Amino acid sequence: MHKRFEHQAIEAKWQKEWKESGIYDAGERDTKKEKEYVLVEWPYPSGNLHIGHWYAFAVPDIYVRLRRMQGKQVLFPIGFDAFGLPAENAAIKRNINPREWTESNIAYMKEQLSSMGNAFSWDKTTASIDPDYFRWTQWMFTEFFKNDIAYRGEGIVNWCPGCNTVIANEQVLANGACERCDNMIEKRKMSQWMLRITDFADALTDDLAELDWPEHIKEAQRNWIGRKSGAEIDFKLSINDEVVKVFTTRPDTLFGVTYMVLAPEHDLVQKYKNQILNWNEVEAYIEVSKQKVEQDRLDNTKEKTGVKLEGILAINPANGERIPVFIADYVLISYGTGAIMAVPAHDERDFAFAQKFDLPIVQVVSGDDTVPYSGEGQLMNSGSLNGAASDVAREIITEKVGGRMTNTYRLRDWSIGRQRYWGTPIPIVYDPEGKAHVVPEQHLPWSLPEDVDFKPTGEAPLAKSQELKERTEKIFGAGWTPEVETMDTFVDSSWYFLRYLDSKNAESLASLAVQKDWMPVDTYFGGAEHTTMHLLYSRFWQKALFKLGLVADKEPYRRRVNRGLILGPDGNKMSKSKGNVVDPDAQVKLVGADTVKMYLAFMGPYQGANYPWDLGGLAGLRRFLERVNGLMEHVVESESKATTTLLHKTIKKVSDDIENYKFNTAVSALMILLNQVEKEGLSKNTYTVFLQLLAPFAPHLTEELWSEAGQSDSIHATEFPAYDAALAKDEMVTIGVQINGKMRGDVTVSPEATEAEVLVLAQENTNVATYLEGAEVVKVIYVPGRIINIIVQLR
RNA sequence: GUCUAGGUGGCGAAAUUGGUAGACGCGCUACCUUGAGGUGGUAGUGGGAGUUAUCCCUUGCUGGUUCAAGUCCAGUCCUAGACACCA
């Protein structure tokens, strides 16, 4: 019997050792080595590590450890995204300070994280709640304000009644619910702190081309930004020379415009309420559409509704015809200009609306003769432009009527003000006239007041702070008042990867020199849920900083890897209510951190899919490590050539697979090697190489066995084994023999065997021979090392 | 509706990118072993036929290209995610 695998003792021993030696600290940049910046999304310190954290951190650690052993200087930092609602809610519930709650959680989670045994660069940690950190969050905000990237704007906002605060568009789910608390969002008109992400919409779209990201993530961002090219065209109204701006992707259909539609919230509706003859009816419609929840309004299976504005007409600039004006809730105030020119012959929605209200339908593009037809064609009923190709006519018509070609976007500016306590205070003060001023740098960090009752009422908690009020007056003068909103936590996480680099820098957010050392992030591992939120926000943030000369790169992340989800053993998403939550601490205690980590790596491809936790599967990996633990017993004087060959194949496979994030097949390659060497024996050298191959996956066990084998250095400081192509070459290969494309047998030959040699051997195969009898060989296809296909014809 | 992924054994999945489908692991079966509670060993394990040799079928479905298709092309049906009255 072999010795027991005492995982608890081994793990404790080496975690202590690593911590004391600081072996994984990134340290100063050593330019003799290539750099590699590996980033994982910093966790929210909820107080307990769950299995998702393990999947998010322990599996990328395999990649990190390989890169380290390959001689790269790897930066693999970790920190905490520690502002946010849960702390505030917990504090309310337990009547304690959110900071106490958060900081004790961080302390506890740091311990849990070290039980993972990751090669984290603990010397580079930071947290969003550190005054040293949010001081710079605030400073960047003041720079953005000075450069008109941050502004106070009146706008329609998403109000979450559950969180009692405004949330950004990106945080509203498709069904109109809050991303955090699942309450339905209400639209409110409010003055808000906004960031001009829309100014960067083109760059955010175009620069995706340079990134080494999976195409589907790029596509999701492009769709979210939603750039469309078209034309902006002015339509005159019959009153006061008033003009309505309209955005259209099809200016070529201008002659087919038979009416126009404004969004119910359009400014001009209120402005001319006295001229609108049926105002009562119009007002009632506006009220109804206000009541409608987003979901109803977006439901395109419902019949179109709208009201004609009696007494107002618009003039089609192409042909001078007077056309009616409607309001209808199928036109959205937040998209384009909030007004459309309606072309019922060539747009399905306009067509449905025209039929209901009995409006004229004029075909201006010849297509397949069905109406509505939204494809391209030749213009008709379009005056001098008849016969022109529709795509060519777009610019001609636009120019002719004094419009301009332009783009429109689905993306909206980012509202970042939150009516909550536990966040980065917005460093703005108002003078007695109510004008906003930034808090000057010498007063940063602009700290969070402590004398606050932060129960959510809808009003910002900071408004109740006497200390904040006094502080403001003391510094700025009587009558000055503080901004009382705090920032969206997505702001905090938009630049943390920069602060890791230089977390103790008191002069700047991160020096340009250090940024040049480490940026950009080489690989960013994270969750799919951040595709259109964090990932887009932080790209924007980086671009805004780049514009101000504060960073060296215009894109933060070179490669992105989105992982899947770990489900409960029942195949459902883990949740307390379903009772299917797997506690990683318990699993680690039972089978060890190495086992849990390897199991997570082995479940399936890291990118993409979701996998149910399977206790049997976990036991399988434990068995594997038990066998490794006893592998020394199989060491022999000299091993077979086949074993050496397999070893070198495995070296190549393991390093290639890890580099491509295919951790599952790398593990299986190690299993195949173990199966072989247990049966056939292995040399002392192969034994140590095997440990090195396994080291990224099972750092504790391999370190222990390495030291038992008499090595004095850490296995994790050794160079990853080199693959020798000559040794990896098989002496003999098995080749499949096909007759007319069907497998009929196989032959074993040298990899250099010629077609003629293989053919002779194939013909000697008794089963193959029966198919060749009485037949004529017409053609032979030989793929060296793979297959030989003999095409025969019956004589 | 649009976009993006996917559909391979009882399960998680592999497949050198057009070349022996199901590697590896789980589970299961049989036998051995252990005093024993998710952790020992050996053999087997896609379906069907056959005593063996071997044969037939098999990667959602239908066609096609090819000496050869899980892989390429066309169509079609499901599943998941994102976006959605976007002008």
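Numbered from 1 within each chain, the chains take letters A, B, ... in sequence-line order. Predicted model only: the values in this text are computed from it and were never measured. The analysis underlying the following values was restricted to heavy atoms, covering all of them including side chains, and did not include hydrogens, waters or symmetry mates.
- Under 4.0 angstrom from either OP1 or OP2 of B/U54 there lies no side-chain N or O belonging to A/Tyr771.
- Within 6.0 Å of CD on A/Glu215 lie more than 12 heavy atoms contributed by other residues, nucleotides or ligands.
- Taking the ring centre of A/Tyr330 as origin, the terminal cationic atom of A/Lys304 falls inside the region bounded by 6.0 Å and 45° from the ring axis.
- At B/U39, none of the side-chain N or O atoms of A/Arg627 fall inside 4.0 Å of OP1 or OP2 (strictly under the cut-off).
- Applying the 90° cutoff around 0 to the glycosidic angle, B/G46 is assigned anti.
- Residue A/Leu618 is the one, among A/Trp224 and A/Leu618, whose nearest nucleotide of RNA chain B lies closer to the 5' end (criterion: closest heavy atom).
- Within a 6.0 Å radius of NZ in A/Lys356, more than 12 heavy atoms belonging to other residues, nucleotides or ligands are found.
- Taking only side-chain nitrogens and oxygens, A/Asn675 comes nearer than 4.0 Å to OP1 or OP2 of B/G25.
- The residue A/Leu615 sits close to a base: some heavy atom pair falls under 4.0 Å.
- A glycosidic torsion no more than 90° from 0 defines the syn conformation, and B/U17 adopts it.
- Backbone-only engagement by A/Gly620 is indicated by non-hydrogen atom pairs under 4.0 Å involving sugar-phosphate atoms exclusively.
- In this structure, the ring of A/Phe490 has its center no less than 6.0 angstrom from the ring center of A/Trp414.
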Using distance only, find each side-chain donor-acceptor pair of residues 743-753 of chain A under 3.5 Å and give its atom names and separation, not counting sequence neighbours.
from     : atom 1 : to       : atom 2 : distance (Å)
A/Arg744 : NH1    : A/Tyr771 : OH     : 3.0
A/Ser750 : OG     : A/Glu752 : N      : 3.0
A/Ser750 : OG     : A/Glu752 : OE1    : 3.3
A/Glu752 : OE2    : A/Lys729 : NZ     : 3.1

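- Between A/Arg222 and B/C83, a side-chain N or O to OP1/OP2 separation shorter than 4.0 Å is absent.
- Counting non-hydrogen atoms under 4.0 angstrom, A/Arg227 reaches nothing in the nucleic acid.
- Nucleic acid contact for A/Gln738: base, since at least one base atom lies under 4.0 Å from a heavy atom of the residue.
- For A/Arg622, taking side-chain heavy atoms from C-beta onward, the closest of the listed nucleotides B/U39, B/C85, B/A23 is B/U39.
- On the C1' atoms, B/C73 is 12 Å away from B/U66, given to the nearest whole Å.
- The side chain of A/Asn789 places no N or O atom within less than 4.0 Å of a non-bridging phosphate oxygen (OP1 or OP2) of B/U20.
- On the C1' atoms, B/U62 is 24 Å away from B/C67, given to the nearest whole Å.
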- request: Assign a letter to each nucleotide of nucleotides 2-16 of chain B from its 5' end: B, base within under 4.0 Å of a protein heavy atom; S, sugar-phosphate only; -, no contact.
  value: -SS-------BSSSB
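- In RNA chain B, runs of at least 3 consecutive Watson-Crick or G-U pairs, each pair with both distances below 3.5 Å, span B:1-7 with B:77-83, B:10-12 with B:24-26, B:27-32 with B:40-45, B:46-49 with B:54-57, B:60-64 with B:72-76.
- Taking the P atoms as reference points, B/A69 lies 12 Å from B/U65, given to the whole Å.
- Residues satisfying the salt bridge (charged side-chain N to carboxylate O under 4.0 Å, His left out) criterion with A/Lys245, sequence neighbours excluded, are A/Asp234.
- Looking at residues two or more places apart in sequence or on another chain, you find no side-chain hydrogen bond (donor to acceptor under 3.5 Å, both in side chains) involving A/Asn660.
- Closest to the side chain of A/Ile787, from the set B/U20, B/G27, B/C85, is B/U20.
- For the P atoms, the distance linking B/A15 with B/U34 amounts to 41 Å, nearest Å.
- Where A/Gln587 and A/Lys679 meet RNA chain B, the nucleotide closest to each residue was compared, and A/Gln587 sits on the side nearer the 5' end.
- Checked against the 6.0 Å centroid threshold, A/Phe353 and A/Tyr259 count as a close aromatic pair.
- Taking 4.0 angstrom as the limit, A/Arg623 places a side-chain polar atom (N or O) nearer than this to OP1 or OP2 of B/C26.
- Partners of A/Trp54 under the side-chain hydrogen bond (donor to acceptor under 3.5 Å, both in side chains) rule, at least two apart in sequence or in another chain, do not exist in this structure.
- For the C1' atoms, the distance linking B/C32 with B/A21 amounts to 33 Å, nearest Å.
- If you look at A/Phe326 and A/Phe357, their ring centroids are closer than 6.0 Å.
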